[in-house]
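Heads up: the structure comes next, in structure tokens.
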Amino acid sequence: MIPYESLSRLNHPFEDEFRKKFDEFLEKGHYILGPELEKFEQEFAAYHHVKYCTGVSNGLDALILALKSFGLPEGSEIIVPSNTYIATILAVVACRMKPVLVEPTIRSYNIDPTKIEAAVTPLTKAILVVHLYGKVCDMDPILEIKKKHNLYLLEDCAQAHGATYKNRLAGTFGEMSAFSFYPTKNLGALGDAGAVLCNEEGYRSSLLHLRNYGSNKKYYNDVIGFNNRLDELQASLLSVKLNYLNQMNNHRNKLADLYLNGLSSRYILPLKDADHYDVYHIFNIRFPQRDRLQKYLQDKGIGTVIHYPVPPQRQKAMAGILDGQEFPIADEIHQTTLSLPCSFCHKEEEIREVIKALNEF
Ligand SMILES: *Cc1c(COP(=O)(O)O)cnc(C)c1O
């Protein structure tokens, strides 16, 4: 049996350090907004060479608080990719703004920069890029469009911790960037967690207020806020794992290279080029008879996942928001994509077994 993912296996190497952190945590008795959060925030900001990291409750809240911190009027148009996890679009809707979807390229699966300008209107205020599957978007042309049209840039880095484009880390291109530390992400907590990176003091102050009831001084509430904090225990565990982020990403890269070199050319494989260091949050292949292939692998004891079976514009929740809009490239990806085991928990032998099964199909 080769599982698609195993969190107990993935976190096994960190158990001794986790236990030590947990013992300290019990002894200290400080649970929320304390030194462990500050430590992790400093470390995660330093990893990216940015000024501020603000820990929050999860990736969706990171996106929402970042969007709110731009201070845009309701009804502003936000450009988002049509090929993404729905959280990206939910964040825009939660802020009472309008998601304007732009198709990906069929080879990178990320937003197609050549299609962004056609979507810009006088109401467009920001581009929300998603570095999907662990590959940074084609940022040079996107930065040009941002500058030309005077737009904000927010990055959804939930799948791209440590990924780079032309040696620049995901999360360092826009005014702000949002991260999720959901347990399966490349940097995963043992529960829900997220963060926002920024360099500007004004955004930092807004984020600190919004995550904590609109208050940055106890019992003084300056704005309408929320309870979107990252707790001490999760922060302390994230500090442990951040030390291993590059090692975990390199492991995923080694496994991805086995696939890229070993899989039959019948399968459409992810692009790899010198401009990108991809972190393979998801290693996907595309194949016309995807469902039959998934069943075959399952019968051989190989776990796979479809990311994602239903594109955002076809989700029931998006009725009245995206209906009637057609995104054929996003559809094509959703119909043919299959994600293969490629996690820090997998051994090279297991990946060789998956390759063998795929090539025998
Ligand atoms: C996981 C994910 C999110 C949401 O993160 P949560 O911590 O689960 O709220 C947002 N965007 C993308 C692209 C994701 O993969």
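This is a predicted model, so every value here is computed, not measured.
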Ring centers of Tyr259, Phe283 separated by less than 6.0 Å:
yes
Test side-chain hydrogen bond (donor to acceptor under 3.5 Å, both in side chains) on Asn227 and Asn212; report intermediate values, then the result.
CA-CA 5 Å; Asn227 179 347; Asn212 190 39; over 6 Å; no
Under the criterion side chain to side chain contact (heavy atoms under 4.5 Å, CB included), which of Ile106, Ile111, Asn110, Asp112 is the partner of Ser108?
Asn110
So among Glu350, Glu348, Glu349, which one has a salt bridge (charged side-chain N to carboxylate O under 4.0 Å, His left out) with Arg352?
Glu348
Are any side-chain N or O atoms of Arg290 and backbone N or O atoms of Gln335, one a donor and one an acceptor, separated by less than 3.5 Å?
yes
Does one hydrophobic cluster hold both Leu72 and Ile116, with members joined at side-chain heavy-atom distances below 4.5 Å?
no
Any chance the rings of Phe179 and His48 have centres within less than 6.0 Å?
yes
Rounded to the nearest 0.5 Å, how far does CG of Asn150 lie from NZ of Lys125?
9.5 Å
Please check: side-chain N/O of Arg266 versus main-chain N/O of Leu358, any donor-acceptor pairing under 3.5 Å?
yes
Parallel, tilted or perpendicular: ring planes of His161 versus Phe181, cut at 30 and 60 degrees
tilted
Closest non-hydrogen atom pair between His276 and Lys135, with its separation:
CD2-CG, 3.7 Å
If you compare all heavy atoms of Pro81 against all heavy atoms of Ile89, which two are closest, and at what distance to 0.1 Å?
O-CD1, 4.3 Å
Should Val50 and Leu230 be regarded as members of a common hydrophobic cluster, given that ILVMFWY residues are connected when their side-chain heavy atoms come within less than 4.5 Å of each other, either directly or indirectly?
yes
Does any part of the side chain of Ser69, heavy atoms only, come nearer than 4.5 Å to the side chain of Leu210, both counted from C-beta?
yes
Shortest non-hydrogen contact from Val93 toward Pro99:
CG2-CG, 4.1 Å
Please test Leu101 against Leu322 for side-chain contact (heavy atoms from CB on, under 4.5 Å), starting from the C-alpha separation and ending with a verdict.
CA-CA 9 Å; Leu101 275 57; Leu322 301 176; 3.6 Å; yes
Measure the acute angle between the ring planes of Phe14 and Tyr244, then classify it against the limits of 30° and 60° as parallel, tilted or perpendicular.
tilted
If we ignore hydrogens and angles and just use 3.5 Å, is the side chain of Arg9 paired with the main-chain N or O of Cys345 as donor and acceptor?
yes
Please collect all side-chain hydrogen bond (donor to acceptor under 3.5 Å, both in side chains) contacts where either partner lies in residues 18-34, sequence neighbours excluded, each pair once.
Lys28-Glu36
Scan residues 315-327 for pairs that pass side-chain hydrogen bond (donor to acceptor under 3.5 Å, both in side chains), counting only residues two or more places apart or in two chains.
Arg314-Glu326
Contacts table for residues 59-68: side-chain donor-acceptor under 3.5 angstrom, sequence neighbours left out:
| residue | atom | partner | partner atom | Å |
| --- | --- | --- | --- | --- |
| Asp61 | OD2 | Ser57 | OG | 2.6 |
| Asp61 | OD2 | Asn58 | ND2 | 3.0 |
| Asp61 | OD2 | Asn228 | ND2 | 3.2 |

Does the Thr124 side chain pair with the main chain of Thr121, one donor and one acceptor, at a distance under 3.5 Å?
yes
Does the ring centre of Tyr133 sit less than 6.0 Å away from the ring centre of Tyr280?
no
Plane angle bin for Phe70 and Tyr152 - parallel if under 30°, tilted between 30 and 60°, otherwise perpendicular
parallel
